[in-house]
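Keep in mind it's a predicted model, so treat the numbers as computed, not measured. Naming: A, B, ... by sequence-line order, numbering from 1 per chain.
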2 protein chains.
Amino acid sequence: MGVEDVGVPNAGTTAPRRDSGVLQTADRALQVLLAFRDRPEWGVTELARELALDKSVTQRLLATLARRGFVLADPETRRYRLGASVGVLARAAERGGTLEATARPVLAELSRRIGESTILNVPHGAAYRCAVAVDADGPVRYSGTVGATIPAHGGAAGHAIFAFYPQDEVRRLLGDAPLARYNELTLTDWDTLARTYAKVRAEGVAISHGEYDANVTSVAAPCFALDQIIGSIVIIGPHDRMATKVDTAVDLVRGAAQRLGDLLSGSG
Amino acid sequence: MGVEDVGVPNAGTTAPRRDSGVLQTADRALQVLLAFRDRPEWGVTELARELALDKSVTQRLLATLARRGFVLADPETRRYRLGASVGVLARAAERGGTLEATARPVLAELSRRIGESTILNVPHGAAYRCAVAVDADGPVRYSGTVGATIPAHGGAAGHAIFAFYPQDEVRRLLGDAPLARYNELTLTDWDTLARTYAKVRAEGVAISHGEYDANVTSVAAPCFALDQIIGSIVIIGPHDRMATKVDTAVDLVRGAAQRLGDLLSGSG
DNA sequence: AACGGCGTTGTGTTTATCACAACAGTTTCC
DNA sequence: GGAAACTGTTGTGATAAACACAACGCCGTT
């Protein structure tokens, strides 16, 4: 009100100065790294255009990343690719077990509610790996083995993961050799697999009545963190018991996958 | 000389202003990420101490990393772990194929010189995977299959990788189940394996006369980039032919592994 | 209750970063 | 064949962004 306050020193400075304390230069470095999701190889100028940064800034960001081994400059083409430190960190992340610690309570809750065994599976090359397993109570139950790997085309849990991969990558991973058959229901040709994937993408859930292990019905939902497929959560049980509660299982497994994704995305 | 220049504004500014254009804030963010190699979980204060940074700086770095999914804050303990973006990047790196492109010429040169097939293997969970293979010329030769995986304890190439893993991690990966036997020479107990690893560490090379595939002799050397084990390069050939040139093979494979490591570290 | 630990937030100072420009090599395309 | 257009890299002043310090609120222990 007073006319005297001629120059309010900083009219908006009481509010948080920056976007909640995010460091611009560091954030830009991370943006550069994440750009390699879309393209395996970047030149300085084209990356600068993509991220709307100055050439010089991009060049210095890449040089900084290169010095720590996060990117690698091809001495011939002067283009950059992801470097060795990325793999090193990934191993550390796996070893650290964030995923396991976060997923276990979610699976336990899911298992309790549906009364069947639940598993978190993660992609592992051209296969998927059982990362966390929670067995149901009671004598008759499926028992997941942590660390076991199953080829990508085997079972609902695999469909719920690889349906959300870039499909050209899936084809590359599966290769040219014929796909292994586990019983008369296994999907062994690419066309059937592609149709199944389309259905899974549309419905957000994959259901298998014995495609891999003939004795069990599986209901699997994909789990996304930061819009990236991380793995799938699956409910597994004997056919007869599962038959009466497939609808419930679909709802619950979708919810659990969503919940885990939120937790892993930091919004939980 | 003049008494007047009280404050020389910048006494060395003609020289490159900073350490060759490395951005401090970005570099610090990368240091934070790499700290998770040594410990899976960090609090703000202890990480600040470790890196000799201010608490507030560390906190803002972690917040920046968290917003992009590179780290994840446990809402309970307020401690940070590596996040989902690390895995996403690792998949992109694998898909991108930097390793393959870099390794192929090195392997080709090695194969030409020794006159046998050569393979680059990379760790893949509790196994190792054939990432790049270059066959020798001639009718009698070992032919490596890209994508094939072999359990960690099978063959020289595995020893040359897992000897340089933290040994407690190797034990965890191998698990409690008995190790698969491929022939009478396969190393199937942990004690023998541990002794072999010690020898491999001391000599910088692993030699197998048919431990996995009974028909071939393998000479393998570990490959490091930025002081981290990346994989191993192996020379494989029939026993009789290899017998006459094991010493040469040891020298050559060591050199090739060193060369590849240098290339991947950006110093090539 | 007082302490010592934590993670978080505010703020003036200053310094690291930005944006623009200029440079030297390559490739491209008349 | 030559110049135009493209790379990636480096220099530099202005300025905004990051730093370092301090204060705060919170929790568990003493």
Give me the distances for all protein-to-nucleotides 21-28 of chain D N/O pairs that come in under 3.5 Å?
{"unit_1": "D:dC21", "atom_1": "N4", "unit_2": "B:S56", "atom_2": "OG", "d": "3.1"}

Expressed as a whole number of angstroms, how long is the span from [X]:[atom1] to [N]:[atom2]?
{"X": "A:W42", "N": "D:dT7", "atom1": "CH2", "atom2": "C1'", "value": "16 Å"}
{"X": "B:L62", "N": "C:dC6", "atom1": "CG", "atom2": "C1'", "value": "14 Å"}
{"X": "A:E46", "N": "D:dC6", "atom1": "CD", "atom2": "P", "value": "14 Å"}
{"X": "B:L61", "N": "C:dT9", "atom1": "CG", "atom2": "P", "value": "15 Å"}
{"X": "B:L23", "N": "D:dA17", "atom1": "CG", "atom2": "C1'", "value": "12 Å"}
{"X": "A:R78", "N": "C:dG25", "atom1": "CZ", "atom2": "C1'", "value": "11 Å"}
{"X": "B:Q31", "N": "D:dC19", "atom1": "CD", "atom2": "C1'", "value": "15 Å"}
{"X": "A:L65", "N": "D:dG8", "atom1": "CG", "atom2": "P", "value": "15 Å"}

For B:F224 and B:F164, take the angle between the two ring planes, folded into 0 to 90°, and tell me which bin it lands in: parallel under 30, tilted 30 to 60, perpendicular over 60.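 The rings of B:F224 and B:F164 stand perpendicular, inter-plane angle above 60°.
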How would you label the contact of A:R79 with the nucleic acid (heavy atoms, under 4.0 Å): base, sugar-phosphate, or nothing?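 Contact class for A:R79: none.
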Determine the minimum heavy-atom distance between A:G21 and B:T64, stating which atoms define it. O-OG1, 4.1 Å
Under 3.5 Å, is there a donor-acceptor pair between the A:R95 and B:Y165 side chains? no
Answer yes or no: does a side-chain N or O of [X] lie under 4.0 Å from OP1 or OP2 of [N]?
{"X": "B:Q24", "N": "D:dC19", "value": "yes"}
{"X": "B:R49", "N": "C:dC6", "value": "yes"}
{"X": "A:Q59", "N": "D:dT9", "value": "yes"}
{"X": "A:R28", "N": "C:dC18", "value": "yes"}

Given C:dG7, D:dT7, D:dT9, identify the nucleotide with an atom nearest to the side chain of A:T45.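 Within the option list, the nearest is D:dT7.
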I want to confirm an ordering. Mapping A:A26 and A:Y80 to their closest nucleotides on DNA chain D, which one lands closer to the 5' end? A:Y80
Please check if atom CZ in B:R129 has more than 12 non-hydrogen atoms from other residues, nucleotides or ligands closer than 6.0 Å.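 Enclosed.
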Does B:E100 come within less than 4.0 Å of B:R104, counting only side-chain N to carboxylate O?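 The answer is no: the pair does not qualify as a salt bridge.
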Check this for me: does any side-chain nitrogen of one of A:R112 and A:E109 sit under 4.0 Å from a carboxylate oxygen of the other? yes
Student check: side-chain heavy atoms of A:L120 and A:L260 closer than 4.5 Å: yes
